[in-house]
Protein chains: 2
Amino acid sequence: MSLVKHLSSFISISKPLEKEITAISQKISSLKGEIIINVDERCEQLFFVEKGLLRGYYFDEDKEITNWFSQEEEFATCFYSFIAKKPSFEIIQALEDCELIQLNYSSLQNLYTKFPETERIGRLITESYYIKLEERILNLQFKTAKERYQKLTSSKPSLLQRASLGQIASYLGITQETLSRIRSEI
Amino acid sequence: MSLVKHLSSFISISKPLEKEITAISQKISSLKGEIIINVDERCEQLFFVEKGLLRGYYFDEDKEITNWFSQEEEFATCFYSFIAKKPSFEIIQALEDCELIQLNYSSLQNLYTKFPETERIGRLITESYYIKLEERILNLQFKTAKERYQKLTSSKPSLLQRASLGQIASYLGITQETLSRIRSEI
DNA sequence: GAAGCTTTTTGACAAATGTCAAAAAAAGAA
DNA sequence: TTCTTTTTTTGACATTTGTCAAAAAGCTTC
């Protein structure tokens with residue numbers, strides 16, 4: 001689904017706005033495995049995944065920890081870096097060949113100013129992502145490894161085929177050995 | 001600090017807007033221990049803590065789990081309930097005598113429409129709260145109980161005096177016995 | 001299809017954290 | 001104060017999950 005179409009599910013998009021969004025956004029393709037944003041770079045792009053799968057991860061003492069996945073019709077960015085204009089602690093990698101739409105930080109800010117109605121979209125989208133994070137916290141707080149895995153199984157079943165065991169395990173906050181054992185006993 | 005003053009750190013607030021905000025917001029007081037929003041109620045209020053401390057918590061099989069604390073100059077609401085207009089799974093309780101400013105969901109939506117510049121404030125605030133949640137996830141994902149406690153000690157030292165051990169423990173995703181042991185060995 | 005990677009599984013054991021119960025300490029109420 | 005209730009600490013033990021190492025399985029690439 002295109003970005004404009006996705007956005008129009010939040011608020012109706014006028015023709016001039018649609019034109020502007022198209023004008024300031026770039027389509028890019030990434031190959032499987034490609035690093036799109038590296039650690040210590042400032043992430044100045046907001047990505048919208050048209051096709052494919054991205055993940056954000058970081059290193060904690062040589063251990064790779066996956067922080068998020070973004071699949072079709074989801075946004076992706078190093079949120080902290082993007083918003084706070086600081087170097088990113090995380091790395092964005094394409095886990096599949098991807099078609100992405102890229103929006104630059106400054107063009108997005110200009111868009112907000114030029115088309116104030118987009119502020120609302122920005123707010124609504126941020127709110128919806130906030131709710132997702134909150135749910136993840138509830139899981140990490142007191143659910144067992146197995147429960148967290150089962151929850152993921154039902155909420156994002158396709159992810160289990162598309163990301164590796166190790167990536168999924170660290171996303172759930174467990175080791176891959178533990179996840180492997182959980183999976184074998186179900 | 002007043003709400004208007006707090007908001008003006010995000011964006012300059014015009015006189016008419018200030019008036020409007022004052023008009024639609026109500027000051028309320030809550031006594032220590034008071035339940036402000038109960039489970040299964042729809043939470044239609046956004047609170048701004050002028051003085052005191054609130055917590056949001058929920059029950060997971062008879063176990064009380066604290067989900068967040070909000071202290072001076074922070075907002076509080078049952079986010080999911082407020083945004084999705086669904087019954088709340090969490091309970092808001094005053095942990096101290098509080099002075100709160102209360103904004104109704106529908107007046108807030110009207111405010112967004114009447115003063116479009118407030119959309120930006122809404123977005124910026126949501127973004128900043130998103131970043132905080134993200135940081136919490138990083139801690140819950142792979143930090144040990146001790147590391148999480150130490151992080152809280154440095155980021156919100158006053159909380160340790162103001163909330164009970166059990167409340168802090170569940171917020172960190174550990175049992176109070178474990179937290180008690182961590183605390184005694186430091 | 002063999003050789004060389006990478007990912008997943010398995011095993012043995014260690015460490016962290018949870019559970020349950022009871023004692024001690026602190027806070028509140030009468 | 002004294003009594004009562006709540007919170008915190010401590011102990012013994014169970015459970016979950018992690019760690020390290022090696023084997024097995026699955027992919028690539030020539």
Side-chain angles (χ1 to χ4, degrees), chain A residues 31-35 53 55 57 59-66 69 91 93-97 137-153 158-186, chain B residues 31-35 52-53 55 57 59-66 69 91 93-97 136-153 158-186:
Chain A
L31 293 176
K32 179 173 178 172
E34 194 178 313
I35 301 297
L53 178 65
R55 71 158 175 150
Y57 69 101
F59 283 96
D60 187 18
E61 297 169 7
D62 295 355
K63 215 172 41 184
E64 255 188 31
I65 302 180
T66 296
F69 296 102
I91 299 159
Q93 182 188 34
L95 293 184
E96 300 174 354
D97 294 351
I137 289 201
L138 301 191
N139 284 324
L140 287 170
Q141 233 176 341
F142 276 106
K143 300 293 180 189
T144 64
K146 192 172 183 170
E147 287 170 324
R148 279 178 259 166
Y149 175 70
Q150 289 175 326
K151 193 122 193 183
L152 186 65
T153 304
S158 70
L159 200 62
L160 308 177
Q161 268 68 53
R162 300 170 77 181
S164 80
L165 185 87
Q167 289 159 1
I168 292 169
S170 69
Y171 175 75
L172 294 173
I174 56 183
T175 61
Q176 67 172 346
E177 293 93 332
T178 297
L179 183 53
S180 171
R181 288 187 176 107
I182 286 170
R183 213 155 64 160
S184 74
E185 81 189 32
I186 288 177
Chain B
L31 293 177
K32 179 172 179 172
E34 193 177 314
I35 301 297
L53 177 66
R55 70 159 176 151
Y57 69 100
F59 284 95
D60 187 19
E61 297 168 8
D62 295 356
K63 214 171 43 184
E64 255 188 33
I65 301 180
T66 296
F69 296 101
I91 300 157
Q93 182 187 36
L95 293 184
E96 300 174 352
D97 293 352
R136 247 189 104 196
I137 288 201
L138 300 190
N139 284 324
L140 286 170
Q141 234 176 340
F142 275 106
K143 300 294 181 190
T144 63
K146 192 172 183 171
E147 287 169 325
R148 279 178 261 165
Y149 175 69
Q150 289 174 328
K151 193 122 193 183
L152 186 66
T153 303
S158 69
L159 200 61
L160 308 177
Q161 268 68 55
R162 301 170 75 182
S164 81
L165 186 86
Q167 290 159 358
I168 291 169
S170 69
Y171 175 76
L172 294 173
I174 56 184
T175 60
Q176 67 172 345
E177 292 92 333
T178 297
L179 182 53
S180 171
R181 289 187 175 104
I182 286 170
R183 213 156 65 161
S184 74
E185 81 190 32
I186 288 176

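Order of the sequence lines sets the chain letters (A, B, ...), proteins ahead of strands, with each chain counted from 1.
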Using a cutoff of under 3.5 Å, can you pull out all pairs of nitrogen or oxygen atoms linking the protein to nucleotides 26-30 of chain D, with atom names and distances?
none

Please list, by residue number, the residues of residues 160-168 of chain A whose heavy atoms come closer than 4.0 Å to an atom of DNA chain C; answer none if no residue qualifies. Ser164(A), Leu165(A), Gly166(A)
What is the distance from CZ of Arg183(A) to P of dT17(D), rounded to the nearest Å? 17 Å
Could you state the atom-to-atom distance from CG of Leu95(A) to C1' of dT7(C) in whole Å? 14 Å
Between dT17(D) atom C1' and Leu179(A) atom CG, what is the distance in whole Å? 12 Å
Using ring-ring contact (aromatic ring centres under 6.0 Å, His included) as the criterion, list what pairs up with Phe142(B), not counting sequence neighbours. none
To the nearest 0.5 Å, what is the distance between OG1 on Thr153(A) and CG on Leu160(A)? 5.0 Å
Has Ser180(B) got a side-chain atom pairing as donor or acceptor with Gln176(B)'s backbone, closer than 3.5 angstrom? no
Could I get the full list of side chain to side chain contact (heavy atoms under 4.5 Å, CB included) partners for Ala94(A), not counting sequence neighbours? Ser30(A), Ile36(A), Leu54(A), Cys98(A)
Residues in salt bridge (charged side-chain N to carboxylate O under 4.0 Å, His left out) with Asp97(A), at least two apart? none
As an exercise, state the distance from NZ of Lys32(B) to CG of Leu53(B), rounded to the nearest 0.5 Å. 10.0 Å
Using 0.5 Å steps for rounding, measure from the CZ atom of Phe69(B) to the CD atom of Gln93(B). 10.0 Å
With sequence neighbours excluded, what pairs up with Glu64(B) under the salt bridge (charged side-chain N to carboxylate O under 4.0 Å, His left out) test? Arg55(B)
Provide, to the nearest angstrom, the distance between the CG atom belonging to Leu172(B) and the C1' atom belonging to dG18(C). 15 Å
For the atom pair CG (Leu159(A)) and CD (Gln161(A)), what is the distance rounded to the nearest 0.5 Å? 9.0 Å
Take atom CG of Asp62(B) and atom C1' of dG18(C), then tell me their distance rounded to the nearest Å. 17 Å
Close side-chain approach of Thr178(A) and Tyr149(A), heavy atoms under 4.5 Å: no
Below 3.5 Å between N/O atoms, which protein atoms pair up with nucleotides 20-23 of chain D? Just atom names and distances, please.
residue : atom : partner   : partner atom : Å
dC20(D) : N4   : Glu177(A) : OE2          : 3.2

Students should find that the end-to-end axis angle of the helix from dG1(C)-dC30(D) to dA30(C)-dT1(D), with five pairs defining each axis and rounding to 10 degrees, is 50°
Could you list the donor-acceptor pairs under 3.5 angstrom formed between side-chain atoms of residues 164-171 of chain B and any protein atom two or more places apart in sequence or on another chain?
residue   : atom : partner   : partner atom : Å
Ser164(B) : OG   : Gln167(B) : N            : 3.3
Gln167(B) : OE1  : Ser164(B) : N            : 3.0
Ser170(B) : OG   : Thr66(B)  : N            : 2.8
Ser170(B) : OG   : Gln167(B) : O            : 3.3

Positive for side-chain contact (heavy atoms from CB on, under 4.5 Å) with Gln141(A), one of Ile174(B), Asp60(B), Leu172(B), Ile65(B): Ile65(B)
Whichever of Phe142(A) and Ser180(A) has its nearest DNA chain C nucleotide further upstream toward 5': Ser180(A)
Glu96(B): what forms a salt bridge (charged side-chain N to carboxylate O under 4.0 Å, His left out) with it, not counting sequence neighbours? Arg162(B)
Polar-atom pairs under 3.5 Å, protein N or O versus N or O of nucleotides 15-17 of chain C: list them with distances, or write none.
residue : atom : partner   : partner atom : Å
dT17(C) : OP1  : Ala145(B) : N            : 2.9

Residues that Thr144(B) engages under side-chain hydrogen bond (donor to acceptor under 3.5 Å, both in side chains), provided they are two or more places apart: Glu147(B)
